[in-house]
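These values consider heavy atoms only, across backbone and side chains, with no hydrogens, waters or symmetry-generated copies. The structure displayed is predicted, hence computed values, not measured ones. By convention here, the first residue in the shown sequence is residue 1.
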Amino acid sequence: MEPSGVIEALWDRIQARDWSGVADLVAEDVVVEWPVSAERIVGNKNFVAVNSEYPGGWSIRVLRIVADGSEVVSEVEVPHDEFGVFRVASFWTIQQGRIARGREYWTSVGADPRPEWRAALVEPM
């Protein structure tokens, strides 16, 4: 499977709650970093557990996947019934057909307030 296909399959399997399928895509010694919350997930089992144990009520909408060789970037929207809408920009490294490393930036839509000095230069989304 091409690296972009690995990430497309990852998000499809997460949406389907196919946790054994997710595990098949992730290297045993995977390292995924979440800089916004200053956390690091180490290992296949921990990666699957973090995703499978997240409180229900969410869905996945892939906005785009861009690949350059073994490096893949995905932008995903994750609406949650209780917590609102999240966006995630993920940077993945694929080795031997599996996710070896990742760095994900999760945030809520509108989480950072617009500074007043920019008000005349921008418009709300």
- Output, in order, the C-alpha distance, side-chain angles, deciding distance and verdict of side chain to side chain contact (heavy atoms under 4.5 Å, CB included) for D24 and R13. CA-CA 10 Å; D24 291 342; R13 292 175 190 186; 4.1 Å; yes

- Task: Please assess V72 against V66 for the test side chain to side chain contact (heavy atoms under 4.5 Å, CB included), listing each intermediate value before the final yes or no.
- Result: CA-CA 6 Å; V72 183; V66 179; over 6 Å; no

- Task: Go through the steps for E33 and E39 under the test side chain to side chain contact (heavy atoms under 4.5 Å, CB included), then give the verdict.
- Result: CA-CA 6 Å; E33 297 176 332; E39 297 173 278; over 6 Å; no

- Message: Between V76 and L63, is the side chain to side chain contact (heavy atoms under 4.5 Å, CB included) condition met? List the steps.
- Response: CA-CA 5 Å; V76 176; L63 302 175; 6.0 Å; no

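At least one donor-acceptor pair closer than 3.5 Å links the side chain of N51 to the backbone N or O of F47. Checked by atom type and distance alone, the side chain of R98 pairs as donor or acceptor with a backbone atom of A23 at under 3.5 Å. The backbone N or O of S59 lies less than 3.5 Å from no partner atom in the side chain of H80, so there is not a single donor-acceptor pair. One N or O on the side chain of N44 and one on the backbone of V26 form a donor-acceptor pair closer than 3.5 Å. Put simply, the side chain of D68 never gets that close to the backbone of E71: no donor and acceptor are under 3.5 Å apart.
V30 and I99 make their closest contact through CG2-O, 3.5 Å (heavy atoms, listed as atom of the first residue, atom of the second, distance). Counting all heavy atoms, side chain and backbone alike, M1 lies closest to A9 at SD-CB, 4.1 Å. Scanning all heavy atoms of the two residues, the minimum distance from P3 to G69 falls at CG-O, 3.3 Å. Residues I41 and N46 approach most closely at CG2-C, 3.7 Å, considering heavy atoms. Of all heavy-atom pairs between G102 and W92, the closest is CA-CE3, 3.8 Å. When all heavy atoms of W106 and V78 are compared, the closest pair comes out as CZ3-CG2, 3.7 Å.
Taking CG of L10 as the reference point, atom OG of S90 lies at 8.0 Å (rounded to 0.5 Å). The OG atom of S70 sits 8.0 Å away from atom CZ of R101, with the distance rounded to the nearest 0.5 Å. How far CD1 of I7 is from CG of L25: 8.0 Å, rounded to the nearest 0.5 Å. Atom CD in E77 sits 9.0 Å away from atom CD in E75 (nearest 0.5 Å).
Considering only heavy atoms from C-beta on, E82 stays 4.5 Å or farther from P55 through its side chain. Here the side chains of S108 and R87 are not in contact, with every heavy-atom distance at 4.5 Å or above.
Note on V109 and V88: separate hydrophobic clusters, where clusters join Ile, Leu, Val, Met, Phe, Trp and Tyr whose side-chain heavy atoms are under 4.5 Å apart, directly or indirectly. By the rule that hydrophobic residues join a cluster once side-chain heavy atoms approach within less than 4.5 Å of another member, W11 and F91 end up as members of separate clusters. The same ILVMFWY cluster, assembled from side-chain heavy atoms under 4.5 Å apart, contains both V50 and V32. Following chains of ILVMFWY side-chain contacts shorter than 4.5 Å, one can reach I65 starting from I60, so the two form part of one hydrophobic cluster.
Under a cut-off of 6.0 angstrom, the local environment of CZ in R64 is sparse, with at most 12 non-hydrogen atoms contributed by other residues, nucleotides or ligands.
With a 6.0 Å cutoff to the six-membered ring centre and a 45° limit on the axis angle, R17 counts as a cation-pi contact of W58.
Counting only N and O atoms by type, the side chains of S4 and E2 include no donor and acceptor under 3.5 Å apart. One side chain, E104 or W34, offers a donor N or O that lies under 3.5 Å from an acceptor on the other.
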